[in-house]
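Beneath this line is the structure, given in structure tokens, with notes to follow.
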Amino acid sequence: MADAAISFLINNVGKLLMQEASKLVGVEDQVKSLHDELNLIKEFLGDSEGNRDKVKELMSQIQAVAYRAEDVIDTYVVSMAKHGRRNTLKKFLHTRDRAVMLRGVATDIERINNDIRRIYANKDTGYVEEDEVVGFTHDAEKVMELLRQGGRHRDVVSIIGMGGLGKTTLAKKIYNHSSMRKRFKCFAWVSVSEEFRSRELLLGILRCVTPAAQVLYQLSDDKLEEELRKCLVHKKYLIVLDDVWTTKVWDEIKAAFPDNLNGSRILITSRVKEVGLHASSSRPYFLPFLSDDDSWELFSKKVFRGEVCPPHLKENGEQIAKKCRGLPLAIVVAAGLLAARDQNTATWNEMATNFSWYLSRDPERCLDILALSYEDLPAYLKPCFLYFGVFPEDFEIPVRPLIRLWIAEGLVENDNNREMEDIAEDYFDQLIDRSLIQVVRRRTDGVVKVCRIHDLLRDLCISEGRRERFLEAHQREVSTTSFSSTTTLFRRLSIHCNTSTYIPSIPSGSNSSQVRSLLCFGTSPGDRLSMETFKLLYERFRLLRVLDLGSTLVHNVSPQVRQLILLRYLRMNAPYLKEIPSFMTELPNLQTLDLRKSPVVSLTNDFWKMQQLRHLFLSRCGEVLQGRGTVMPNLQTLSFVHVSVASFSPSRGTTLFPNVKKLAVYGGNLYGCNKLERLRTLKIVGNIYKAIQPKILPSCLTKLTLRNTRLRQDSVDTLGRLPNLLILKLFDDSLSTYDGILVFGKRSFLQLQVLHFVELGFSLSGWCVESGALQSLQNLLFRGCRQLSSIPDELKHVTTLRHVKTMWCSDTLAEDISRKLGKDVDFSIS
């Protein structure tokens, strides 16, 4: 399996050699020779396809040499950049040093070339010999019957089964069942996982049961528990605790669930029988494996996506499904594997034979079949899949940041005809299609917003990532021996404990510079990086390309950050950072700068030096200063800023951000925004000084979000004429119409598919839709619109409307929707 990581590494070294050739003047011959030798190795890897078990030792040697080559070049480039920043006198004094360094690089490269030639010469003698819910109807009825039983006292029902058996899927089916929705009035769902924190669980439940959960983050754990009890008192609730690993979970949070003597229930899913027995005297429901018929039904639905299985494939297909032994995860993964292959008898017969070997043992050893699915991935997808191993267990992974990390890591192949973000989205979709990644939430346009990976697949990512020296994840501080002997061999280091205590635990003599990516997932509120620890970080990890400090507080950003010149991705939480310091703009390769948790209020002219920047995230920055006409050609995301007219279109009439696709701004003057010809998503917060005039917004705009803009009716009319607008979300005081009556005029919003009214209060007391408007509308949401009591009659004629939802709205509005739209739409109330 190591060939994917090695091929990826060799490609990166080759690119690095070409990109940095100008800095390696004096060793051109050695550089060209190294490039040629690496290409020979790459060809050999392609020729040895299918013989991976025989070349493990050889792969290890190749990998070590490729890492050495990368280290030599990166270290030299960093050293040269450091010398380049010195004054004239110091540059003169260090000319001799440069000559010494060049000789050292030449020697190192020549040694590497010799090692590659030796390896290649000996190559011939080095061998050593879920989304589809199927089969749970009976199980769901059994569990729902248990939920109905038990009398008036609060009770706990548990579902027990091995990993991958479908416990979560069954619980979701029950949670969403219409009979449960009628029986209970309050619902909450939280994922617990093996590394649970009671505070996070309490907050998760509160987010489900109260719209005011955001203001509760400052409360202590005891106060959170008290607040949850208050929210649940007098309510008949159903709360799901998914994936509970220990009895400690129930002991720590059970006091938050009041016994209201109204039949409230808690539903627990777990792999551990003891968890269910500890939480309740009632016998747990032990989820059985799927029957052969249900296994085949799930398998065929996943492979053929609703179509009938061709007769010539059915025998082999049924054999494969049967050998999965009723384990839904194995069935889904096997189906994803076959869905990507040619549908002919020979291919399926070969796969059936392989599955016989993998699944002839206990189904608990599902990693075998998962590993087979990993082997079948194309080389360009394998590193992207392994990357999921850096995230903590049960972590909900935002897709957009994931894609930016992939790009910064160099996992996405460059294609001059397409944006790398688009290519990365294709990679992600392929992993979804192969059933390797689970969808958690989708955006209103149907694109996946948040994903996760099953525990067993995550275990595979970690085990293979370690074997291929691709990544390492640490749950706690390291000892001297463990770090020096193992961690320094890995390119990516993921920290799941406090960063402030982890960094000082790294031995000073360790060769940690081999680490290229440092990702921190500690969640302790007291995790703060001092200036001393921050300096240690730079000393330990000099060649970082990715630095994600997560929620760790950085009180003082050290100027030494400029030494990380290879950095492409930087995310930090600096609560006292008021402006982007000039030394941060000296990072020539930075692609993503995420300071959303830092109170940056201004950008200096040095900002325009960051020519490689693709994504800039700020919390509440003031006006972007005009950079003397300097263009930011690569910038795609700019959020959140107050943008002046000059920022959109300087004196020469062109835009400074020609390729911006996503823009989030504070209200003001939008004049010149129409020059952003690639803008797709626009978010505006705050009062707009003037009415939105025709053609002030670009016609290419597809998504518009407004908050506190206080738009008058004439501005709404202008928005209704945008030809490509698909999504419109109106929040808070985004409207200021006459008497709170909103009018969508004749044939307005013709392409709009998604429309959300959120917390509009008194600014929306009536809504009128004239004939021919909203003819493409599919999804309609009302949340917190308590003054609105009816919907327009014209919506009865919108044949495309499929989903309508109300949350925290009046009963009168819900009754009106039910009466006017009836059974023609999927209508839900929360």
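Computed from a prediction, not measured in an experiment: that's the story for all the values here.
- Side chain of Ser295 to main chain of Ser291: a donor-acceptor pair is present (N/O by atom type, distance under 3.5 Å, no hydrogens or angles).
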| field | Stepwise salt bridge (Lys or Arg N to Asp or Glu O under 4.0 Å) test for Arg404 and Glu421 | value | CA-CA 7 Å; Arg404 291 191 286 271; Glu421 285 78 5; over 6 Å; no
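- The number of heavy-atom neighbours closer than 6.0 Å to CZ of Arg148, taken from other residues, nucleotides and ligands shown, is above 12.
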| Working for side chain to side chain contact (heavy atoms under 4.5 Å, CB included), residues Thr169 and Lys173 | CA-CA 6 Å; Thr169 303; Lys173 183 171 184 176; 5.9 Å; no
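- Interatomic distance, CZ of Phe136 versus CG of Leu170, reported as 6.0 Å (0.5 Å rounding).
- Considering only heavy atoms from C-beta on, Phe731 stays 4.5 Å or farther from Val685 through its side chain.
- Residues Ile205 and Val190 come closest through the heavy atom pair N-CG1, 3.5 Å.
- One finds a salt bridge joining Glu396 and Arg441 here, because a Lys/Arg side-chain nitrogen approaches an Asp/Glu carboxylate oxygen to under 4.0 Å.
- In this structure, Ile397 and Leu402 have side chains that are in contact, with non-hydrogen atoms separated by less than 4.5 Å.
- The shortest distance between side-chain heavy atoms of Leu742 and Leu735 falls below 4.5 Å.
- With salt bridges taken as basic N to acidic carboxylate O contacts below 4.0 Å, none links Arg229 and Glu226.
- When all heavy atoms of Ser765 and Ile741 are compared, the closest pair comes out as OG-CD1, 4.1 Å.
- The two atoms that bring Thr737 and Ser763 nearest to each other are OG1-O, 4.2 Å, heavy atoms only.
- Ionic pairing of Lys142 and Asp139 is not present here: no N-O contact between side-chain nitrogen and carboxylate oxygen is shorter than 4.0 angstrom.
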| request: For side chain to side chain contact (heavy atoms under 4.5 Å, CB included), just list the numbers for Leu788 and Phe782, CA-CA rounded to whole Å, side-chain angles, deciding distance to a tenth of an Å, and then say yes or no. | output: CA-CA 9 Å; Leu788 190 65; Phe782 302 94; 3.5 Å; yes
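- Judged purely by atom type and a 3.5 angstrom limit, Lys805 has no side-chain atom pairing as donor or acceptor with the backbone of Ser828.
- The minimum heavy-atom distance between Ser639 and Ala664, with the atom names listed, is OG-CB, 3.3 Å.
- For the pair Ser748 (side chain) and Gly720 (backbone), a donor-acceptor distance under 3.5 Å is absent.
- Judged by a 6.0 Å distance limit and a 45° cone about the ring axis, Arg181 is positioned over the six-membered ring of Phe187.
- With Asn262 as reference, Lys236 is the one residue of Lys236, His234, Arg154 to meet the side-chain contact (heavy atoms from CB on, under 4.5 Å) rule.
- To the nearest 0.5 Å, atoms CH2 (Trp189) and CD1 (Ile239) are separated by 13.0 Å.
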| query | Under the ring pair (Phe, Tyr, Trp, His ring centres under 6.0 Å) criterion, do Tyr237 and Phe184 qualify, and how do the steps go? | reply | CA-CA 6 Å; Tyr237 55 82; Phe184 300 96; 8.4 Å; no
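- The closest side-chain heavy-atom distance from Arg400 to Lys449 is not below 4.5 Å.
- Atom SG of Cys186 and atom NZ of Lys235 lie 5.0 Å apart (nearest 0.5 Å).
- In terms of heavy-atom proximity, Val192 sits nearest to Val244 at CG2-CG2, 3.8 Å.
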| message | Apply side chain to side chain contact (heavy atoms under 4.5 Å, CB included) to residues Leu241 and Leu267 and explain how you reach the verdict. | response | CA-CA 6 Å; Leu241 305 178; Leu267 179 62; over 6 Å; no
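- Between Phe257 and Leu232 the shortest side-chain heavy-atom distance falls below 4.5 Å.
- Proximity of a side-chain donor or acceptor of Asn724 to a complementary backbone N or O of Thr702 within less than 3.5 Å is not detected.
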| message | Determine whether Asp242 and Thr168 satisfy the following criterion, side chain to side chain donor-acceptor pair (under 3.5 Å), listing intermediate values before the conclusion. | response | CA-CA 7 Å; Asp242 184 41; Thr168 299; 2.9 Å; yes
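- Remark: the Arg678 side chain and the Asn659 side chain contain an N/O donor-acceptor pair separated by less than 3.5 Å.
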| task | Give the intermediate values and the outcome of side chain to side chain contact (heavy atoms under 4.5 Å, CB included) for residues Cys451 and Phe428. | result | CA-CA 10 Å; Cys451 68; Phe428 180 81; 3.7 Å; yes
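- Distance alone, capped at 3.5 Å, places no donor-acceptor pair between the Ser818 side chain and the Glu815 backbone.
- When atom types are taken as modelled, the side chain of Asp445 and the backbone of Val447 share a donor-acceptor pair closer than 3.5 angstrom.
- One N or O on the side chain of Asn176 and one on the backbone of Lys172 form a donor-acceptor pair closer than 3.5 Å.
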| said: Under the criterion side chain to side chain donor-acceptor pair (under 3.5 Å), I'd like the reasoning laid out for His153 against Asp259: C-alpha separation, chi angles, the key distance, then a yes or no. | reply: CA-CA 6 Å; His153 285 283; Asp259 188 353; 2.9 Å; yes
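- Put simply, the side chain of Val448 does not reach to within 4.5 Å of the side chain of Arg443, judged on heavy atoms.
- Rounding to the nearest 0.5 angstrom, the gap separating the NZ atom in Lys302 from the CD atom in Glu297 is 12.5 Å.
- At a threshold of 4.0 Å, the pair Lys820-Asp793 counts as salt-bridged, since one of the basic side-chain nitrogens sits closer than that to a carboxylate oxygen.
- The residues Arg207 and Glu200 are annotated as not salt-bridged, no charged nitrogen and carboxylate oxygen being separated by less than 4.0 angstrom.
- Between Trp808 and Arg786, the shortest heavy-atom contact is O-CG, 3.6 Å.
- The line from CG of Leu750 to CZ of Arg721 is 11.5 Å long, rounded to the nearest 0.5 Å.
- Without hydrogens or angle criteria, Arg802 side chain to Thr799 main chain gives a donor-acceptor distance under 3.5 Å.
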| said: I'd like to know whether Gln775 forms a side chain to side chain donor-acceptor pair (under 3.5 Å) with Gln751, so could you lay out the CA-CA distance, the side-chain angles of the two residues, the decisive distance to 0.1 Å, and finally the verdict. | reply: CA-CA 7 Å; Gln775 288 305 298; Gln751 300 301 319; over 6 Å; no
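- Using a 4.5 Å heavy-atom cutoff, the side chains of Val743 and Val716 are not in contact.
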| request: For Asp426 and Arg418, run salt bridge (Lys or Arg N to Asp or Glu O under 4.0 Å): C-alpha distance rounded to whole Å, both residues' side-chain angles, the deciding distance at 0.1 Å, then the answer. | output: CA-CA 11 Å; Asp426 286 348; Arg418 299 181 66 198; 2.6 Å; yes
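- Side-chain atoms of Thr800 come within 3.5 Å of backbone N or O of Leu777 as a donor-acceptor pair.
- The CG atom of Leu755 lies 11.0 Å from the CD1 atom of Ile727; values are rounded to the nearest 0.5 Å.
- Within 6.0 Å of the CD atom in Gln149, the count of heavy atoms belonging to other residues, nucleotides or ligands exceeds 12.
- In this structure, the side chains of Cys673 and Pro698 come closer than 4.5 Å at one or more pairs of heavy atoms.
- At distances below 3.5 Å, at least one donor-acceptor pair connects side-chain atoms of Thr718 with backbone N or O atoms of Asp714.
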